[in-house]
Amino acid sequence: MRYSLASLLANALTGNKNWKPVWREPEPKRSYDVIIVGGGGHGLATAHYLAKEHGITNVAVIDKSYLGSGNVGRNTTIVRSNYLLPGNEPFYEWSLKLWEGLEQDLNYNAMVSQRGVLNVFHSDAQRDSFVRRGNAMRFHGADAELLDNDQVRALVPFVDLDNARFPIRGGLYQPRGGTVRHDAVVWGYARSADQRGVDVIQNCAATGFRVEKGRIVGIETEKGFIGAKKVALSVAGSSSRVGEMVGLRLPIESHVLQAFVTEGIKPLLDTVITFGAGHFYCSQSDKGGLVFGGDIDGYNTYAQRGNLPVVEDVAEGGMALIPAIGRLRILRSWGGLLDMSMDGSPIIDRTDIDGLYFNGGWCYGGFKATPAAGWCFAHLIATGQPHPYAAAYRFDRFASGRVIDEKGMGAQPNLH
Amino acid sequence: MRITCPYCGARGLEEFTYRGDATVTRPSSIDARATEAWVDYVYLRDNPAGLHKEFWQHSAGCRAWLEVARDTTTHEIVAVELAAKER
């Protein structure tokens with residue numbers, strides 16, 4: 001069913017009893033042209049663009065749990081393209097452009113809200129680096145505005161501009177950034193892929209891979225062997241665990257990033273704001289809760305939960321930026337697993353096994369990348385060639401020295 | 001998570017700094033032909049779900065480097081010893 005005002009009215013007038021499930025629950029076929037392992041945002045976006053842009057519809061997406069149970073439901077829903085390096089910025093800007101047209105493309109309300117993303121700075125040196133970043137963004141066609149203190153005050157009057165330790169000196173603002181309802185993204189992509197003939201198979205974990213003469217021929221799953229001409233891994237957070245089944249040793253450590261939400265309050269924060277002196281970022285959800293987070297915990301983990309020192313650090317950052325936040329109670333906190341790559345940038349590439357493709361290493365930035373990652377991964381799978389926007393996201397950049405170290409931190413994941 | 005430092009006893013996580021996998025071996029050669037071994041050492045990791053041997057420094061305490069065996073699925077710390085042991 002195509003959603004429209006007419007379909008909404010027709011269903012409302014018939015008591016909303018005739019809505020149909022938005023995707024099928026098929027049993028796996030014996031074989032597919034492409035199997036995508038991982039039914040998160042990236043995997044489903046890849047299936048959608050494979051079907052829509054490349055006409056490849058004999059595709060299965062398999063996931064070990066239900067749709068939306070992984071990282072796509074554990075992020076803080078922020079989208080932006082405020083990157084510095086040439087290997088990154090065109091990719092993230094393309095992603096933002098795809099976000100802007102996503103709802104029309106999917107015929108699904110993903111609540112894309114371009115409420116802006118404001119990064120405040122606190123010193124002359126930090127201003128210089130933000131100016132450089134803003135210029136890099138504008139060179140690549142993105143939007144960026146440098147705000148002075150009065151403009152920051154007008155936008156977010158409740159922030160502590162005159163903090164004794166970290167006074168705010170201005171901000172870099174990207175008006176086209178914002179938030180997107182994360183569950184709706186996965187539902188929208190799943191519905192669209194399903195309508196184009198893709199089998200979305202939930203609760204069916206991959207347990208092994210079958211390789212013959214250096215070429216992938218299928219995967220072992222909880223529902224038996226499924227043959228495939230091509231297999232695409234899209235399991236960020238668990239890439240090493242899944243990669244190990246097929247002998248991939250990756251430049252990745254798994255880490256946890258915590259996020260928090262407060263009780264709902266009346267509208268307070270109508271943009272996304274980040275603190276420049278510590279690590280804290282915050283937006284307000286449509287239900288009214290302030291959604292915020294900070295640094296990763298910084299040690300290898302698969303536990304999907306963090307520890308208290310980071311909770312304290314995030315709370316301190318929040319208090320330094322928005323003192324009023326101390327009046328609110330935290331309702332929930334949670335942790336999501338991250339593929340922390342060694343240079344802080346992702347990988348979309350072929351592997352040494354023919355027909356096996358890899359998408360991972362998204363660090364803490366996978367959500368905003370969802371459409372472009374799906375777009376570029378689909379292009380790679382369909383054509384065998386890297387998409388120009390993702391041409392830098394290759395495995396061999398580590399050996400060749402062409403790492404994309406956005407933060408200039410070196411090869412240690414917990415510093416990115 | 002609390003780590004029992006051999007010198008200081010059980011201390012909170014906030015006193016420690018993480019370095020990462022303790023099982024990788026730094027190549028002794030600086031020969032260009034050893035590039036692959038260096039790439040392996042600097043970038044590639046087993047990243048196991050389960051027991052992980054890793055380096056931590058008691059940076060806000062005695063500053064000793066420790067080798068900790070920890071379960072990455074439960075955060076349980078199984079063993080702690082000084083990294084400067086005889087190898």
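Quick note: numbers below take in every heavy atom, side chains included, and nothing from hydrogens, waters or symmetry partners. In what follows, chains are A, B, ... by sequence order, proteins preceding strands, each numbered from 1.
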Asks: Return the minimal non-hydrogen interatomic distance between A:Ala411 and B:Val42, and the atom names on each side.
Replies: CB-CG1, 3.7 Å
Asks: Over 60° means perpendicular and under 30° means parallel, so tell me whether A:Phe398 and B:Tyr43 are parallel, tilted or perpendicular.
Replies: tilted
Asks: Looking at every non-hydrogen atom in both residues, tell me the closest pair between B:His75 and A:Arg305 and how far apart they are.
Replies: CE1-O, 3.2 Å
Asks: Which one, B:Glu14, B:Arg70, B:Glu54, leads in non-hydrogen pairs under 4.5 Å with chain A?
Replies: B:Arg70
Asks: Need one label for A:Arg249: side chain, backbone, both or neither, based on atoms under 4.5 Å from any heavy atom in chain B.
Replies: both
Asks: Cut-off 3.5 Å, side chains only: do B:Asn47 and A:Tyr302 have a donor facing an acceptor?
Replies: yes
Asks: Which answer fits A:Ile252, side chain, backbone, both or neither, if we ask what part of it has an atom under 4.5 Å from a heavy atom of chain B?
Replies: both
Asks: Crowded around B:Glu81 CD? As in, over 12 foreign heavy atoms under 6.0 Å?
Replies: yes
Asks: Check this for me: B:Asp31, atom CG, are more than 12 non-hydrogen atoms of other residues, nucleotides or ligands nearer than 6.0 Å?
Replies: yes
Asks: Counting heavy-atom pairs under 4.5 Å with chain B, which one of A:Gly410, A:Ser341, A:Pro251, A:Pro413 comes out on top?
Replies: A:Pro251
Asks: Hey, would you say the A:Tyr299 and B:His52 ring centroids sit under 6.0 Å apart?
Replies: no
Asks: Return yes if some donor-acceptor pair links the side-chain N/O of B:Arg19 with the main-chain N/O of A:Gln412 below 3.5 Å, else return no.
Replies: no
Asks: Do you know which two heavy atoms are closest between B:Leu13 and A:Pro309, and how far apart they sit?
Replies: CB-CG, 3.9 Å
Asks: Please state whether the side chain, the backbone, both or neither of A:Val310 comes within less than 4.5 Å of a heavy atom of chain B.
Replies: neither
Asks: Under 4.5 Å heavy-atom distance to chain B, tell me which part of A:Asn300 shows up: side chain, backbone, both or neither.
Replies: both
Asks: Taking all non-hydrogen atoms of both residues into account, name the closest pair between B:Thr72 and A:Thr301 and its distance.
Replies: O-OG1, 3.4 Å
Asks: Heavy-atom pairs under 4.5 Å with chain A - which of B:Asp46, B:Thr17, B:Thr73 has more of them than the others?
Replies: B:Asp46
Asks: Name the region of B:Trp38, side chain, backbone, both or neither, that has any atom closer than 4.5 Å to a heavy atom of chain A.
Replies: neither
